[in-house]
Amino acid sequence: MALFNGASLRPSSWKFTRSLRFRLTLSYVVFFAILLSSLGILFRQALVTLLDRQTRALLEEEWAAVNGYLRIERRRQHYWYYDPTDLEEAAIVERLRRYFLLADTEGAVMEASSGYRVLGVDKPEEIRAAIRSQKEEWKIRYDSNDEPYLVRAGILHDDRRRQYFMAIALPLTENHRTIEAFTLNYSVLLPAMILASSLLGWFLAGRALRPLNQVSRTAQRISGSSLDVRMAPRGAGDELDRLIEAFNHMMERLTAAFEQVRQFSTDVSHELRTPLTAIRGQLEVAVFTAKTPEQYREAVLNALEDVERLSQIVKALLLLSRSESGQLALQKIAVDLSPLVQDVVDQFQIPAEAARLQLTAELPRECPIQADRIQIERLVSNLLSNAVKYTPAGGRVCVRLSPEDGQARLEVEDTGLGIPASDLPHIFDRFYRVQSADLSPERGLGLGLSFVAWIAKAHGGTVGVTSEPGRGSCFTVRLPVGNPEAPAPEAAAGPA
Ligand code: ADP
C-alpha cells in the first residue's frame with residue numbers, strides 16, 4: 001500500500017512536472033515547436049530564393065530590352081531608338097533609363113541616370129576590370145536611404161563589335177518588405193500555434209492516460225484483505241488491456257500465494273498445537289494421576305513421542321528455510337542406491353504393516369550414482385511416507401529401481417486414493433495439499449513433495465507422477481548416474 005500512496009506524499013509541484021501527462025505534452029510541444037520553427041526558416045529561405053530569382057529574371061528582361069532600344073552608331077555616340085509618340089514605348093524607355101549607366105572601355109561615363117548616380121558610379125578601374133573579365137556581374141548597392149538595389153553589369157557590343165560597359169539596377173525594397181512581413185507574421189503566429197498545440201497535446205495526453213489512472217486507482221484499493229480486486233479489460237486489445245490482463249494475473253498469483261501463506265500458518269499452528277496438547281496431557285497424567293513407576297514411565301514415553309513429532313515439524317520448517325536461502329549445499333559422494341532404498345523400505349515395513357498394507361521392493365543388485373546420501377534418503381522416505389499415508393488398508397505399495405539410459409529410475413507405486421487431475425500440476429508446490437486427502441487421518445504440511453522435487457532437481461534429475469483417483473498413483477524419479485552438471489541456481493536455492 002505504501003508503494004501506491006508514496007507519490008501522494010510529495011509536493012504537488014514535484015508531482016505535476018513529474019507526471020506522465022506533463023512530460024508527454026512537453027515532448028509533444030518541443031517536437032512541434034522545433035518542427036514549426038524549421039518549417040518557418042525553410043519557407044522564409046524559399047521565399048528569399050524565389051524573390052531573388054524573380055528580380056534577376058526581370059533584370060535579364062530589362063537588359064535584353066536595353067539592347068533593343070539603345071543604338072551606338074559611332075564610337076561614344078549613342079541614342080535611344082523609339083517612337084516618342086508611342087506612350088507605352090516611351091514609358092518602357094524611361095523605366096530602363098531610371099537606373100542606367102553606360103561607359104566606354106576606358107571607364108569614361110557616356111550616360112548615367114540620376115537614380116544610378118545615387119547608388120554610386122563605378123570607378124574607371126572597376127569598369128576596365130569588368131571589361132577584362134568579360135563576365136556579367138551581380139551586386140547589391142545601397143542608396144542614400146540605405147535601400148538595397150540589385151545591379152546587373154556587363155559588356156555591351158555596338159554594331160561594329162566594339163565593347164561598352166553597361167549597368168542597370170532594380171530596387172529590392174519591395175522584396176525585403178515582403179520577407180519582413182512574412183517573418184513578422186510567422187513569429188506572431190508561431191507562439192500561437194505552439195500554445196494551441198500544447199493545449200491539444202495536454203488534452204490528448206489526458207485522454208490517453210485516463211485508463212492508466214483508473215488502473216492506478218484500482219491498485220490503490222488493494223490491501224491484504226481485499227485481494228479479490230480485479231480490473232475489467234476495456235476490450236480495446238491495446239497495451240493498456242495487456243497491462244490490465246497482466247495485473248489481473250499478478251493478483252491471482254498474489255492471492256494464491258497469500259492463501260498459501262495463510263493456510264500454512266493455520267497448518268503450522270494446528271500441527272504444533274496437537275502434539276503440544278498431547279504433551280501437556282501426558283505430563284498432567286504423570287503429575288496428577290500416575291501412581292506407579294510404570295505409569296510415570298508410560299506417560300513420559302508418550303510425551304517423548306509427541307516431542308519427537310514436534311521436533312520433526314520444526315526440522316522440516318528449518319530445512320525449508322535453509323533450502324530457501326540456499327544454505328543447503330549438496331554433499332555428493334558415490335552411493336549405491338539399491339541398499340539405500342532397501343534400508344528406507346525396511347524402515348517403512350512396520351508402519352505399512354500397521355496400516356495393513358503390502359510393501360514390496362524390486363531392486364537391482366546394485367545401482368551406483370553420485371548423490372547426497374541424506375537428501376536421497378529423504379526423497380525416498382517422503383515418497384514412501386506419502387504412499388503409506390494415502391493408501392487405505394488392504395492396498396499395495398511397490399518400490400522399483402532400475403538403471404535407464406545413464407540414469408537411475410525410481411518408481412513408488414501405490415493403490416491408494418489417487419490424485420485428481422486438477423491437483424496434479426500443483427502437488428509439487430510448497431504447502432499444497434489436495435483438499436479431499438485432508439480427510440486422511442495423518443495430515444501433512446504439504447512440504448514433502450516440494451522437497452522431493454527440489455532434491456531431484458538439485459541432483460540434475462526429474463520427478464513426475466501419474467495418478468488416477470480411486471486407483472492409485474505412481475511417482476517416478478530419474479537421477480543421473482554420473483556427476484551431474486552444477487544444479488541450476490534456483491534448484492540450489494530451494495524447493496520451487
Ligand atoms: P503432505 O505433507 O500433505 O503429504 P506432500 O507435499 O507430500 O504434502 O503432498 C502434497 C499432496 O499430494 C498431499 O497433501 C496429498 O494430497 C497428495 N499426495 C502426495 N502423495 C500422494 C499419494 N501417494 N497418493 C495420493 N495423494 C498423494
Side-chain angles (χ1 to χ4, degrees), residues 263-323 328 340-361 373-397 399 412 414 416-417 430-434 436-452 454-455 475 495:
Q263 186 64 40
F264 178 64
S265 321
T266 318
D267 290 345
V268 168
S269 9
H270 182 86
E271 292 296 318
L272 294 180
R273 210 179 47 204
T274 316
L276 276 175
T277 318
I279 292 168
R280 187 188 173 142
Q282 307 298 346
L283 294 179
E284 278 172 359
V285 167
V287 173
F288 301 115
T289 338
K291 303 266 185 308
T292 62
E294 282 71 34
Q295 283 173 332
Y296 276 120
R297 199 176 137 76
E298 197 187 329
V300 171
L301 274 178
N302 285 344
L304 260 180
E305 255 173 45
D306 287 317
V307 167
E308 180 58 25
R309 168 137 179 85
L310 261 186
S311 82
Q312 289 295 335
I313 295 169
V314 172
K315 238 159 85 183
L317 292 177
L318 207 66
L319 198 65
L320 176 75
S321 82
R322 282 178 58 206
S323 63
L328 206 66
L340 182 149
V341 173
Q342 185 64 59
D343 280 354
V344 183
V345 170
D346 289 346
Q347 284 166 27
F348 275 88
Q349 282 301 352
I350 294 173
E353 268 169 35
R356 288 194 282 119
L357 300 176
Q358 187 192 338
L359 173 58
T360 54
R373 190 182 183 88
I374 295 176
Q375 300 302 344
I376 296 294
E377 269 175 3
R378 178 171 288 132
L379 177 145
V380 183
S381 163
N382 281 3
L383 288 177
L384 261 176
S385 139
N386 279 351
V388 171
K389 199 159 53 173
Y390 299 112
T391 305
R396 286 189 312 278
V397 176
V399 183
V412 179
D414 63 56
L417 297 179
R430 270 174 294 176
F431 315 127
Y432 192 83
R433 292 190 338 221
V434 178
S436 51
D438 276 357
L439 303 173
S440 115
E442 278 194 67
R443 293 174 81 250
L445 283 175
L447 293 176
L449 284 183
S450 61
F451 273 118
V452 169
W454 174 72
I455 295 167
F475 287 83

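For the numbers below, each heavy atom of this structure counts, side chains included, while hydrogens, waters and symmetry mates do not.
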Quiz item: Pro392 and Leu417: which non-hydrogen atoms are nearest, and at how many Å?
Solution: CD-N, 4.3 Å
Practice problem: State, to 0.1 Å, how close Gln349 and Leu359 come at their nearest heavy-atom pair, and which atoms those are. | Solution: NE2-O, 3.2 Å
Exercise. Mind running side-chain contact (heavy atoms from CB on, under 4.5 Å) on Asp414 and Tyr390 for me, showing each step along the way?
Key: CA-CA 9 Å; Asp414 63 56; Tyr390 299 112; 5.8 Å; no
Quiz prompt | For the student: nearest non-hydrogen atoms of Ala303 and Leu283, plus distance | solution = CB-CD2, 4.4 Å
Quiz item: How far does CG of Leu384 sit from CZ of Phe475, to the nearest 0.5 angstrom?
Solution: 11.5 Å
Quiz item: Is a side-chain donor or acceptor of Glu298 paired with a backbone partner of Glu294 at a separation under 3.5 angstrom?
Solution: no
Quiz prompt | Reported CZ-to-OG1 distance for the pair Arg297 and Thr292, which is rounded to 0.5 angstrom | solution = 11.5 Å
Quiz item: Has Leu304 got more than 12 heavy atoms of other residues, nucleotides or ligands less than 6.0 Å from its CG?
Solution: yes
Quiz item: Closest approach of Ala299 and Gln282, non-hydrogen atoms and distance?
Solution: O-CB, 3.4 Å
Exercise. State the CD-NZ distance between Glu308 and Lys315, to the nearest 0.5 angstrom.
Key: 6.5 Å
Quiz item: How many angstroms lie between atom CG of Leu276 and atom OG of Ser269, to the nearest 0.5 angstrom?
Solution: 11.0 Å
Quiz item: If you round to the nearest 0.5 Å, how far is CZ of Arg396 from CG of Leu357?
Solution: 11.0 Å
Practice problem: Please examine the side chains of Leu310 and Ile279, heavy atoms only from C-beta on, and report whether any two atoms are closer than 4.5 Å. | Solution: yes
Quiz item: So do the side chains of Glu305 and Val307 get within less than 4.5 Å of each other, counting heavy atoms only?
Solution: no
Quiz item: Can you find a pair of side-chain heavy atoms, one from Tyr432 and one from Leu449, that are under 4.5 Å apart?
Solution: no
Quiz prompt | Backbone of Leu447 reached by a side-chain donor or acceptor of Ser450 within 3.5 Å | solution = yes
Quiz item: Do you know the tightest heavy-atom contact between Ala278 and Asp306?
Solution: CB-OD2, 3.0 Å
Quiz item: Strictly by modelled atom types, are Asp346 and Gln342 linked by a side-chain donor-acceptor pair under 3.5 Å?
Solution: yes
Exercise. Of all the heavy-atom pairs spanning Gln295 and Lys291, show the shortest one and how long it is.
Key: OE1-N, 2.7 Å
Quiz item: Quick one: OG on Ser381 to CD1 on Ile376, what's the gap to the nearest 0.5 Å?
Solution: 12.0 Å
Quiz item: Distance-only, no hydrogens or angles: does the Asn382 side chain make a donor-acceptor pair with backbone N or O of Gly448 under 3.5 Å?
Solution: yes
Quiz item: Just wondering, do Phe451 and Leu379 contact through their side chains at under 4.5 Å, heavy atoms?
Solution: no
Exercise. Would you mind reporting whether Val399 and Val341 have side-chain heavy atoms less than 4.5 Å apart?
Key: yes
Exercise. Could you tell me whether Leu301 atom CG has more than 12 heavy atoms of other residues or ligands within 6.0 Å of it?
Key: yes
